[in-house]
Student: 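The structure that follows is given in the form of structure tokens.
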2 protein chains.
Amino acid sequence: MERAAAGGAVIGYEDVEAAARRIDGVAHRTPVLTSRALDEVTGARVFLKAENLQRVGAFKFRGAYNAITALAPERGVATASSGNHAQAVALAARLQGLHAAILMPQDAPPSKRAATERYGAEVLEFDRYRDDRDAMARELAQERGLTLVHPYDEPLVMAGQGTAGLELLEEAGDLDLVAVPLGGGGLLSGVATAVKALQPRALVVGVEPEASPDFRRSLAAGRRERVEISRSICDGQLLPEPGERTFAVVSALVDEVVTVSDEETVATMRFLFERMKVVVEPSGASALAAVMAGRVTLDGGRAGVVLSGGNVDAARFAELMSTSP
Amino acid sequence: MERAAAGGAVIGYEDVEAAARRIDGVAHRTPVLTSRALDEVTGARVFLKAENLQRVGAFKFRGAYNAITALAPERGVATASSGNHAQAVALAARLQGLHAAILMPQDAPPSKRAATERYGAEVLEFDRYRDDRDAMARELAQERGLTLVHPYDEPLVMAGQGTAGLELLEEAGDLDLVAVPLGGGGLLSGVATAVKALQPRALVVGVEPEASPDFRRSLAAGRRERVEISRSICDGQLLPEPGERTFAVVSALVDEVVTVSDEETVATMRFLFERMKVVVEPSGASALAAVMAGRVTLDGGRAGVVLSGGNVDAARFAELMSTSP
């Protein structure tokens, strides 16, 4: 609690650097994509950090691998996740020769569950409407003597995600603004820590779906607030409340949090598909959607944007393309 | 005619090298993608030359830019094309400050026509079922004093496309096999010229859709034969007859031509989308489809494969994903 209250003290730049050394040669150093068409549309220079091309298809591998190698668990790891963090922990554990027990919701997409099992993890079920997943994960860890790897409210996970920001700055050079998808806040915390250490003048903006504006609301209130979640295609960002540690970092370091609509996100996924030939999942496209929809002010500057993941079935993508013009 | 009959003499390796110098810094040096999942499925090491990420979304820019800069037309250029070559000529002409007059079929996809016009080209129409497009293009060029840039049966175009093969070998190192989508034969001629000069032991395989096996049939007959074209999703490869010059090069240098079904191509597009997060159009995926469907023998070797283009609308992609499981 004290560490969390201190804001920037939850993690420091040196933690991101240490994470970069741990993941070196194991995580992909994903490319930074640029596009004349995108620069024309936005009237700016945009640099896209393509974490959809990361191992397991999302930035989550960075944090999971950093945490698991740093914690060096004796008996294995446990976590609860409905999505990309599950696959990330499963793969990171396998690479370290460790057992992974992962709580997934009963109604998780079969493809995500299958991918997690393919990496050798043991999948247990919870009910996403009734059960307290965090409490269940803690219990599971305690019972079996496993080490818990929280999807975002864990400093080593936050620092690991920050390496995506580090690489973006190394590749793109000076930036006026960095926009990052925001769900639990692990990615945004890590990236903000890297950006504010290396380029303190660059604005850092978090982007969450309109359906789940918990960070925006909480920042306005000055304390963590719980929101009602509406339906949204951005399934990676639907959390009712900021993490305790991530909220501390975001409060201290992030300049602004904005929201995007599902329509804006679908239009951005289509642009990425048709003009840039890359597949990005809804949550993964949200930060670029905010930039393209003019929800952040660029003024012809240089913007770094994280495309955080690409795990969307072709059938689901087809559905999304047909629901919106 | 004499040059064509001499096979390898239509173009030589030095022509591909000259093209590489001309396009340097203007065409993208596209990445070579690899994937653990792909290697597992094929039991080989596969290197994908991602020409879907080329300017205008296809390898066609290489040949068009090479031809237009080498020919240095005084008044402008003309061509006939239903697809990616139209956009490639339009952009290459604009970069050289030249006028481009392009014959496109009346029923060309609106998005392809719009893209061609966006690059500043003048678009004229022809009837793809009634008109002889080559004759019309020659007439147009003669009337207006424009320089003709044939989509494939032009040595400078063939040499330009060959630079994709050159870069693939530079990046991937020694290969046992190189598989290339085959329509008019420009890309295959150029790539085969590069591969046989640099790695003469590597097999070169052309891949055409089952719906249009004109090269396979012609090679078996020992002379150019005309085939009936059936319906296929591979719209970039539906030509009834090999080019005269491309047939000469393919006869001399290519080891084998195989065919793929539309189902195999759709399955490959889905794999590329879901596992590798890249968008490839049907014709662009055909060579990889042949590799994944076991239509070429790999025996655990190292295979280079050209993904030749990525121009498919999101709506069309959605349609393709829903027609096949």
Side-chain angles (χ1 to χ4, degrees), chain A residues 26 28-37 40 48 50-58 87 91 94-95 109 111-112 114-115 118-119 266-281 284-285 307-325, chain B residues 26 28-37 40 48 50-58 87 91 94-95 109 111-112 114-115 118-119 266-281 284-285 307-325:
Chain A
V26 185
H28 293 325
R29 191 179 170 93
T30 55
V32 171
L33 310 176
T34 59
S35 148
R36 284 178 183 79
E40 267 171 43
L48 303 175
E51 286 296 294
N52 56 328
L53 305 178
Q54 187 50 268
R55 292 183 80 168
V56 312
Q87 293 178 56
L91 175 58
R94 192 183 68 173
L95 292 173
S111 61
K112 294 211 164 167
R118 212 185 298 132
Y119 292 125
V266 167
T268 299
M269 290 173 71
R270 178 181 287 114
F271 179 91
L272 287 163
F273 181 101
E274 292 185 341
R275 305 300 296 272
M276 297 190 64
K277 320 301 177 193
V278 292
V279 177
V280 181
E281 66 186 272
L307 303 177
S308 58
N311 290 328
V312 53
D313 291 352
R316 172 70 178 141
F317 180 83
E319 219 174 83
L320 291 172
M321 289 304 120
S322 62
T323 51
S324 160
Chain B
V26 185
H28 292 325
R29 190 178 170 94
T30 55
V32 171
L33 310 176
T34 58
S35 148
R36 285 178 181 79
E40 266 171 43
L48 302 176
E51 286 297 293
N52 57 327
L53 304 179
Q54 187 50 266
R55 292 182 81 168
V56 313
Q87 293 179 56
L91 175 57
R94 193 182 67 172
L95 292 173
S111 60
K112 295 211 164 168
R118 211 184 298 132
Y119 292 124
V266 167
T268 299
M269 290 173 71
R270 179 180 286 114
F271 179 91
L272 286 163
F273 181 102
E274 292 185 343
R275 304 301 296 272
M276 298 190 63
K277 320 301 176 193
V278 292
V279 178
V280 181
E281 66 186 272
L307 303 177
S308 58
N311 290 328
V312 54
D313 290 352
R316 172 69 178 141
F317 180 84
E319 220 173 83
L320 291 171
M321 289 304 120
S322 63
T323 52
S324 161

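Keep in mind that what you see is a predicted model, and the values were worked out from it rather than measured. Lettering follows sequence order; numbering is per chain, from 1.
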Student: Listed by chain and number, what are the side-chain contact (heavy atoms from CB on, under 4.5 Å) partners of B:R275, not counting sequence neighbours?
Tutor: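 For B:R275, the residues satisfying side-chain contact (heavy atoms from CB on, under 4.5 Å) (neighbours in sequence not counted) are A:R118, B:A37, B:F271.
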Student: If I measure from the heavy atoms of chain A, does B:V280 come under 4.5 Å with its side chain, its backbone, both, or neither?
Tutor: neither
Student: Not counting sequence neighbours, which residues clear side chain to side chain donor-acceptor pair (under 3.5 Å) with A:N311? List them please.
Tutor: A:N84, B:K277
Student: Under 4.5 Å heavy-atom distance to chain A, tell me which part of B:M276 shows up: side chain, backbone, both or neither.
Tutor: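 The backbone, not the side chain.
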Student: Is the B:F273 ring parallel, tilted or perpendicular to the A:F273 ring (thresholds 30°, 60°)?
Tutor: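 Answer is tilted, since the angle falls between 30° and 60°.
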Student: Ignoring hydrogens, what is the shortest heavy-atom contact between B:V278 and A:V279? Give both atom names and the distance.
Tutor: N-CG2, 4.0 Å
Student: Check B:M321 against A:A314 and note the closest heavy-atom contact, atom names and distance.
Tutor: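 Closest pair (atom of B:M321, atom of A:A314, distance): SD-CB, 3.6 Å.
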